[in-house]
Amino acid sequence: MYSDDLLLDLVNMYEIPEEHIDDHIYCGPDNVYQDYINDRLRFMLDSQQYKARLIDAEKLEIETVMHLFIECHDEIDTIDIHNTILKGIYPDQVNLFIYKDDINEKALRFTAVYSRETLELKAAD
């Protein structure tokens with residue numbers, strides 16, 4: 001995500017203290033990102049909702065990259081992802097989301113109109 005757009009969405013959703021903003025970039029604690037991700041992304045694994053855990057966030061000058069983890073000990077056939085990141089700010093917003101596990105990897109392109117995708121996962125041999 002572009003860091004300045006992400007900051008705009010964070011400010012619209014949460015009360016961000018001024019000391020956590022530096023040159024149009026959010027520089028505060030990652031727990032705000034954790035809340036943001038679970039507000040803006042919904043994950044249904046075989047029809048059961050799961051929350052993602054933020055592993056790390058790279059707060060770069062132009063972009064912010066987040067790595068997420070969803071822990072599930074069962075074999076999963078489908079994952080339904082509903083993505084509304086930055087959707088309320090720009091009607092032409094496009095988000096790239098990459099799903100990866102030990103067997104499957106898929107890049108998804110979400111837009112304001114196309115915000116939900118269901119992945120059919122390959123099972124381990």
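Fair warning: this is a prediction, and the values are worked out from it, not measured in the lab.
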Inset, instruction - Mind running side chain to side chain contact (heavy atoms under 4.5 Å, CB included) on L45 and D77 for me, showing each step along the way? - result: CA-CA 8 Å; L45 284 62; D77 296 317; over 6 Å; no

Legend entry - Step-by-step side chain to side chain contact (heavy atoms under 4.5 Å, CB included) determination, K106 to K100: CA-CA 7 Å; K106 180 154 180 147; K100 184 176 182 179; over 6 Å; no

Inset, instruction - Step by step, work out the side chain to side chain contact (heavy atoms under 4.5 Å, CB included) result for L108 and I98. - result: CA-CA 6 Å; L108 306 170; I98 300 172; over 6 Å; no

Legend entry - Chi angles and distances behind the side chain to side chain contact (heavy atoms under 4.5 Å, CB included) call for Y36, I85: CA-CA 9 Å; Y36 178 79; I85 291 176; 3.5 Å; yes

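At distances below 3.5 Å, not a single donor-acceptor pair connects side-chain atoms of Y26 with backbone N or O atoms of D4. Remark: side-chain polar atoms of N38 are not paired, donor with acceptor, to backbone N or O of K51 under 3.5 angstrom. A donor-acceptor pair under 3.5 Å links the side-chain atoms of K59 to the main chain of G28, judged by distance alone. Under a 3.5 Å cut-off, the side chain of T84 and the backbone N or O of K87 do not form any donor-acceptor pair. Within the 3.5 Å criterion, the main-chain N or O of Y2 finds no donor-acceptor partner in the side chain of E63. In this structure, the side chain of D22 does not engage the main chain of I25 through any donor-acceptor pair within 3.5 Å. With hydrogens and angles ignored, the 3.5 Å screen pairs no side-chain donor or acceptor of N83 with any backbone N or O of S115. The closest donor-acceptor contact from the side chain of T64 to the backbone of L6 lies at 3.5 Å or more, if one exists at all.
Taking both residues in full, the closest heavy atoms of P17 and E15 are given as CD-O, 3.5 Å, listed atom of the first, atom of the second, then distance. Shortest non-hydrogen contact noted between I103 and A123 is CD1-C, 3.8 Å. The two residues P91 and A112 come nearest to each other via the heavy atoms O-CB, 3.2 Å.
At a threshold of 4.0 Å, the pair D9-R40 counts as salt-bridged, since one of the basic side-chain nitrogens sits closer than that to a carboxylate oxygen. Under the 4.0 Å criterion applied to side-chain N and carboxylate O atoms, R42 and D80 are not assigned as salt-bridge partners.
Residues R109 and E117 fail the side-chain proximity criterion, which asks for heavy atoms closer than 4.5 Å.
Results of the side-chain contact (heavy atoms from CB on, under 4.5 Å) test with D46 over T78, L121, I79 single out T78 as the only residue that passes.
Applying the 6.0 Å contact sphere to CD1 of I55 captures more than 12 heavy atoms from other residues, nucleotides or ligands. Counting non-hydrogen atoms of other residues, nucleotides and ligands closer than 6.0 Å to NE2 of H24 gives a total of 12 or fewer.
Distance check, rounded to the nearest 0.5 Å: CG of L60 to OG of S3 gives 6.5 Å.
Cluster annotation: F97 and L54 are assigned to the same hydrophobic cluster (Ile/Leu/Val/Met/Phe/Trp/Tyr, side-chain heavy-atom contacts under 4.5 Å, transitive). By the criterion of side-chain heavy atoms lying less than 4.5 angstrom apart, applied directly or through intervening Ile, Leu, Val, Met, Phe, Trp or Tyr residues, M44 is not grouped with Y50; the two fall into different hydrophobic clusters. I70 and L68 end up in the same hydrophobic cluster when Ile, Leu, Val, Met, Phe, Trp and Tyr side chains are linked at under 4.5 Å.
Between H20 and E18, the side chains place no donor N or O within less than 3.5 Å of an acceptor N or O (distance only, hydrogens not considered). Using a 3.5 Å distance cut-off with no hydrogens or angles, the side chains of Y33 and D35 do not pair a donor with an acceptor.
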